[in-house]
*Asks:* 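Dropping the structure in here first, questions after.
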Amino acid sequence: MFNANDIFLSVIIPAFNEEKRVRDNTRAVEQKCDAMRLNYEIILVNDGSVDSTLSRMQECAGSRIKVLSYEKNRGKGFAVRHGMLHAAGRYRLFMDADLSTSLDAMDKFLEAMRQDDYDMIIGDRKSRPGDHTVKQPWHRRFLGKGFIVLSRWCVGKKIKDFTCGFKMFNRKAADIIFKKQQILNWAFDTDLIAIALIHDLRIGEIPVTWNHHHDSAVRPMRNVFTSLAGLLKIKWNILQGVYR
Ligand code: UDP
Ligand code: MG
């Protein structure tokens, strides 16, 4: 049944200092993919962790679970791109190592990819106020709101949720977007969306159930400036035709 040349779904998981959860969470994704009965690969990308993340990943490695690793911490955007450029799946999904997004979304995303003919689907954490999710702290919501406003100005479209760590691409979209990607730090999600829009790719937005984890690697104040610089760079790139 397993044919490496005809992988249906690639799941890319970037990880920086995730020794506490990467093994168990990879197992959970593996079980989910097994239950979905599809031909898949899971690509774990160790983004220069300084803890035992790489060893924990290697304990999971197998025919379906691949481990990519490099020494220096280069940022989530770099890790995702690295995984995507090594992926073979007809559909390619990246998700956070803390599994903030409920894995039920995998079925919904694949279904929508096929039924609605999307090239890319963005998880949307905003459209489900009734769900029993753990709320983000106020300062993250505040900075998040500012990021959305600026990102909408950047790409010229009212995307609901730019930064959700759960996005799926078909092969065509992944090939275009990750070869053109310029931003590797915290504004990278907006970069991916800007490229998709410029190439007239069909973007879907699907609500997901999200749980905020307190031990996040995001240090809001320190990253505000890098994010802002990233967004300005994206606007500049759009105006200069860099993504064409
Ligand atoms: N991550 C990464 N490189 C980094 C920082 C984060 O690969 O330099 C990964 C991290 O391990 C996780 C994902 O990116 O899988 C999202 O990080 P985190 O959960 O800390 O972000 P948040 O949920 O707070 O946005
Ligand atoms: Mg997280």
Side-chain angles (χ1 to χ4, degrees), residues 10-29 42-57 60 65-87 92-103 105-106 122-126 133-148 151 161-168 178 181 183-193 208-227 229-231:
S10 302
V11 180
I12 287 96
I13 306 180
F16 174 60
N17 293 348
E18 299 279 8
E19 64 181 1
K20 284 197 225 115
R21 50 194 173 198
V22 74
R23 193 181 47 198
D24 288 353
N25 287 354
T26 300
R27 293 283 177 235
V29 176
I42 297 173
I43 301 181
L44 304 173
V45 186
N46 172 36
D47 184 26
S49 301
V50 292
D51 64 1
S52 64
T53 296
L54 180 58
S55 318
R56 299 285 89 76
M57 285 177 167
C60 301
I65 303 183
K66 294 159 196 164
V67 176
L68 303 178
S69 181
Y70 42 81
E71 293 265 307
K72 190 171 169 279
N73 175 239
R74 291 171 180 274
K76 180 180 173 185
F78 185 95
V80 167
R81 183 180 69 176
H82 196 65
M84 285 286 176
L85 293 177
H86 284 82
R92 302 175 195 181
L93 168 70
F94 75 78
M95 65 169 75
D96 292 349
D98 55 11
L99 302 194
S100 307
T101 300
S102 161
L103 294 180
M106 290 172 69
I122 303 170
D124 162 24
R125 297 165 292 177
K126 316 286 175 194
T133 53
V134 182
K135 246 193 163 176
Q136 297 214 349
W138 70 269
H139 60 279
R140 288 210 56 176
R141 275 182 280 145
F142 177 75
L143 291 173
K145 190 80 202 153
F147 189 88
I148 289 176
S151 290
D161 184 1
F162 284 86
T163 53
C164 179
F166 198 92
K167 293 187 172 70
M168 188 180 278
F178 292 98
Q181 183 187 346
I183 306 289
L184 307 171
N185 63 25
W186 296 111
F188 89 97
D189 295 273
T190 305
D191 198 32
L192 306 183
I193 293 167
V208 296
T209 309
W210 179 268
N211 286 292
H212 180 70
H213 289 262
H214 293 288
D215 47 348
S216 158
V218 180
R219 299 283 163 270
M221 289 323 285
R222 216 172 54 197
N223 292 312
V224 162
F225 298 102
T226 8
S227 296
L231 293 179

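In each ligand, atom 1 is the first atom listed, and ligand 1 is the first ligand listed. This chain uses plain numbering: 1 for the first residue, then up along the sequence.
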*Asks:* Per the side-chain hydrogen bond (donor to acceptor under 3.5 Å, both in side chains) rule, which among T101, D161, N211 passes with R125?
*Replies:* D161
*Asks:* With heavy atoms under 4.0 Å as the rule, classify the contact between R140 and ligand 1 as side chain, backbone, both or neither.
*Replies:* side chain
*Asks:* Quick one: which of N25, D47, V80, L44 has a heavy atom closest to atom 3 (N) of ligand 1?
*Replies:* D47
*Asks:* Taking the side chain as every heavy atom from C-beta outward, state whether W186 and F147 have any atom pair closer than 4.5 Å.
*Replies:* no
*Asks:* Between R56 and D51 (salt bridge meaning N to carboxylate O under 4.0 Å), is one present in this structure?
*Replies:* no
*Asks:* Using a strict cut-off of 4.0 Å, indicate which atoms of ligand 1 neighbour a heavy atom of P14.
*Replies:* 7 (O), 9 (C), 10 (C), 11 (O), 12 (C), 15 (O)
*Asks:* Could you list the atoms of ligand 1 found under 4.0 angstrom from a heavy atom of A97?
*Replies:* 12 (C), 15 (O)
*Asks:* In D98, the N, O or S atom nearest to the Mg ion (ligand 2) is which?
*Replies:* OD2
*Asks:* Taking K167 for its side chain and F162 for its backbone only, find out whether a donor-acceptor pair lies under 3.5 Å.
*Replies:* yes
*Asks:* Numbering the atoms of ligand 1 from 1, which are under 4.0 Å from a heavy atom of N73?
*Replies:* 3 (N), 4 (C), 8 (O)
*Asks:* Okay, side chain of N17, backbone of S49: is any donor-acceptor separation there less than 3.5 Å?
*Replies:* no
*Asks:* Hey, is the Mg ion (ligand 2) within less than 2.8 Å of some N/O/S atom on D96?
*Replies:* no
*Asks:* Looking at ligand 1, does R74 have a heavy atom less than 4.0 Å from it?
*Replies:* no
*Asks:* Could you establish whether W186 and ligand 1 come within less than 4.0 Å of each other, counting only heavy atoms on the residue side?
*Replies:* yes
*Asks:* Among the heavy atoms of A15, does any lie under 4.0 Å from an atom of ligand 1?
*Replies:* yes
*Asks:* Between D47 (side chain) and N73 (backbone), is there a donor-acceptor pair under 3.5 Å?
*Replies:* no
*Asks:* Does E18 approach ligand 1 within less than 4.0 angstrom via side chain, backbone, both or neither, non-hydrogen atoms only?
*Replies:* side chain
*Asks:* Evaluate the side-chain proximity of M95 to M106: yes if any heavy-atom separation is below 4.5 Å, no if none is.
*Replies:* yes
*Asks:* Please determine which of I183, N185, L184 meets the side chain to side chain contact (heavy atoms under 4.5 Å, CB included) test together with D191.
*Replies:* I183
